[in-house]
Amino acid sequence: MSRRQTPSEFLNQIRGRPVMVKLNSGVDYRGVLSCLDGYMNIALEQTEEYVNGQLKNKYGDAFIRGNNVLYISTQKRR
């Protein structure tokens, strides 16, 4: 049986890996998770913004305020 991990363990494990961050507004940001804090404020590198599944913008670095985040999921490496 596999060991369950806490959300903090999961987030520490995915630092430096590609992630998708879904906002409450429905917008997705995809990039490499640089860091995050206890308030779920997120810093991404190589960030792309998707609206309704379509690429809208590309940013070098992006900062997302934690209270806007619906969820974070991992992505396959690009």
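Computed from a prediction, not measured in an experiment: that's the story for all the values here.
- Here the shortest heavy-atom pairing between Val69 and Met40 reads CG2-O, 4.2 Å.
- Contact of the Ile72 side chain with the Ile14 side chain is registered, since non-hydrogen atoms from C-beta on lie closer than 4.5 Å.
- Between the SG atom of Cys35 and the CD1 atom of Ile42 there is a distance of 10.0 Å, given to the nearest 0.5 Å.
- Of the inter-residue distances, the one linking Leu70 atom CG with Lys22 atom NZ reads 7.5 Å to the nearest 0.5 angstrom.
- Partners of Glu9 by side chain to side chain contact (heavy atoms under 4.5 Å, CB included), not counting sequence neighbours, listed by chain and number: Arg3, Gln5, Thr6.
- There is no path of hydrophobic side-chain contacts, each under 4.5 Å, that joins Leu33 to Tyr50.
- Both Val19 and Val51 belong to a common hydrophobic cluster when Ile, Leu, Val, Met, Phe, Trp and Tyr are linked at side-chain heavy-atom distances under 4.5 angstrom.
- The side-chain hydrogen bond (donor to acceptor under 3.5 Å, both in side chains) test applied to Asn67 returns Arg65, not counting sequence neighbours.
- Distance check, rounded to the nearest 0.5 Å: CD of Gln46 to NZ of Lys58 gives 10.5 Å.
- Residues passing the salt bridge (charged side-chain N to carboxylate O under 4.0 Å, His left out) test with Lys56, sequence neighbours excluded: none.
- Side-chain contact between Leu44 and Asp61 is absent, with no heavy-atom pair separated by less than 4.5 Å.
- Smallest separation of non-hydrogen atoms from Thr47 and Ala62: OG1-CB, 3.6 Å.
- In this structure, Phe63 stands alone, with no Ile, Leu, Val, Met, Phe, Trp or Tyr side-chain heavy atom under 4.5 Å from its own, directly or through other members.
- Residue pairs meeting the salt bridge (charged side-chain N to carboxylate O under 4.0 Å, His left out) criterion with at least one partner in residues 34-44, sequence neighbours excluded, do not occur; the list is empty.
- Side-chain heavy atoms closer than 4.5 Å link hydrophobic residues (I, L, V, M, F, W, Y) into clusters, and following such links, possibly through other members, connects Leu36 to Phe10.
- Remark: Asn57 pairs with Glu49, Tyr59 by the side chain to side chain contact (heavy atoms under 4.5 Å, CB included) rule, at least two apart or across chains.
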